[in-house]
Amino acid sequence: MKTGRFMLILTVAASFAAMACDMYDDGVPAKSVRNEFKAMYPDARDVEWEREGRNWSVSFEIGRRPNEVDYEAYYDTSGNWIMTQNDVLLSDIPAAVKNYLASSEYGALPYADRDAEFYHTPTGDFYRIELSKDGREIEVDVAVDGKVTPAAYDRF
C-alpha cells in the first residue's frame with residue numbers, strides 16, 4: 001500500500017515538473033539554442049519550442065495582461081539568432097512607414113488586416129504589411145525608416 005502511494009506521489013510530482021518546464025513539440029533544441037534565447041529574452045513566459053525545417057522556432061510572451069506581447073523567434077541549430085517577429089497594430093506603425101505607403105504605388109490599396117508583422121533581424125528591422133489588390137493579398141516589406149526592403153524573410 002505504501003508503495004502505491006509513493007508511486008502516485010512520484011507520478012504527480014513528475015507531472016508538475018514537466019508542466020513547469022518549457023514545452024517542446026518536436027524534441028529539445030540544443031543547449032546553445034536555449035541559452036541564446038534565454039540571454040536575449042530573460043523575461044519570456046509561456047515558452048514553446050517547435051522544429052521548423054532545419055531551424056527552431058520559439059513562441060513566447062513578454063509582459064503581463066493587458067499589455068503582454070506574443071513573439072516568435074527563430075534560431076539555427078547552432079544557436080544563432082535568425083529573427084524575431086510579432087504583430088503590431090497598424091495604428092502603432094511609425095509615420096515613416098505610413099508615409100511611404102501613402103506616397104508609393106501602394107497608396108490607393110486598402111489594408112488587408114488591422115495589424116502588420118514586425119520583424120527584428122540581425123540586418124535590420126522592418127514591417128510586413130498586407131494590402132488587398134484585385135481580390136488577393138500582397139505583402140510589402142518596409143523598413144522602420146520608410147524604405148522598401150526586399151522580402152528577405154519568408155516563413156520556413
Side-chain ([X]) to main-chain ([Y]) donor-acceptor, under 3.5 angstrom:
X	Y	value
Asp113	Asp115	no
Ser132	Glu137	no
Ser78	Asn80	no

Between [atom1] on residue [X] and [atom2] on residue [Y], distance to nearest 0.5 Å:
X	Y	atom1	atom2	answer
Glu68	Ile62	CD	CD1	11.0 Å
Arg34	Tyr75	CZ	OH	13.0 Å
Glu72	Glu48	CD	CD	10.5 Å
Ile82	Glu52	CD1	CD	10.0 Å
Ser59	Asn86	OG	CG	12.0 Å
Asp70	Glu61	CG	CD	5.0 Å

Side chains of [X] and [Y]: does their closest heavy-atom pair fall under 4.5 Å?
X	Y	result
Tyr127	Pro94	yes
Ile129	Glu117	no
Val58	Val47	yes

Give me the atom names and distance for the closest heavy-atom approach of [X] to [Y].
X	Y	value
Ala44	Phe37	CB-CZ, 3.6 Å
Gly79	Glu36	O-CG, 3.2 Å
Thr121	Phe126	CG2-CE2, 4.1 Å
Tyr119	Met83	CD2-SD, 3.5 Å
Thr77	Ala30	O-CB, 4.1 Å
Arg128	Ala116	O-CB, 3.4 Å

Between Met40 and Trp81, is the side chain to side chain contact (heavy atoms under 4.5 Å, CB included) condition met? List the steps. CA-CA 9 Å; Met40 289 182 73; Trp81 172 66; 3.5 Å; yes
For Asp87, give me all partners under side chain to side chain donor-acceptor pair (under 3.5 Å), at least two apart in sequence or on another chain.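 Checked Asp87 against side chain to side chain donor-acceptor pair (under 3.5 Å); matches are Gln85.
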Only distances under 3.5 Å count here; give the side-chain donor-acceptor pairs of residues 96-103 to other protein atoms, sequence neighbours excluded, each with its distance to 0.1 Å.
residue : atom : partner : partner atom : Å
Lys98   : NZ   : Leu90   : O            : 3.4
Lys98   : NZ   : Ser91   : O            : 3.4
Asn99   : ND2  : Ala95   : O            : 3.2
Ser103  : OG   : Asn99   : O            : 2.9
Ser103  : OG   : Tyr100  : O            : 3.3

For Tyr71, give me all partners under ring pair (Phe, Tyr, Trp, His ring centres under 6.0 Å), at least two apart in sequence or on another chain.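 Tyr71: ring pair (Phe, Tyr, Trp, His ring centres under 6.0 Å) contacts with Phe60.
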Would you check if there is a donor-acceptor pair between the side chains of Thr84 and Tyr41 at a distance under 3.5 Å? yes
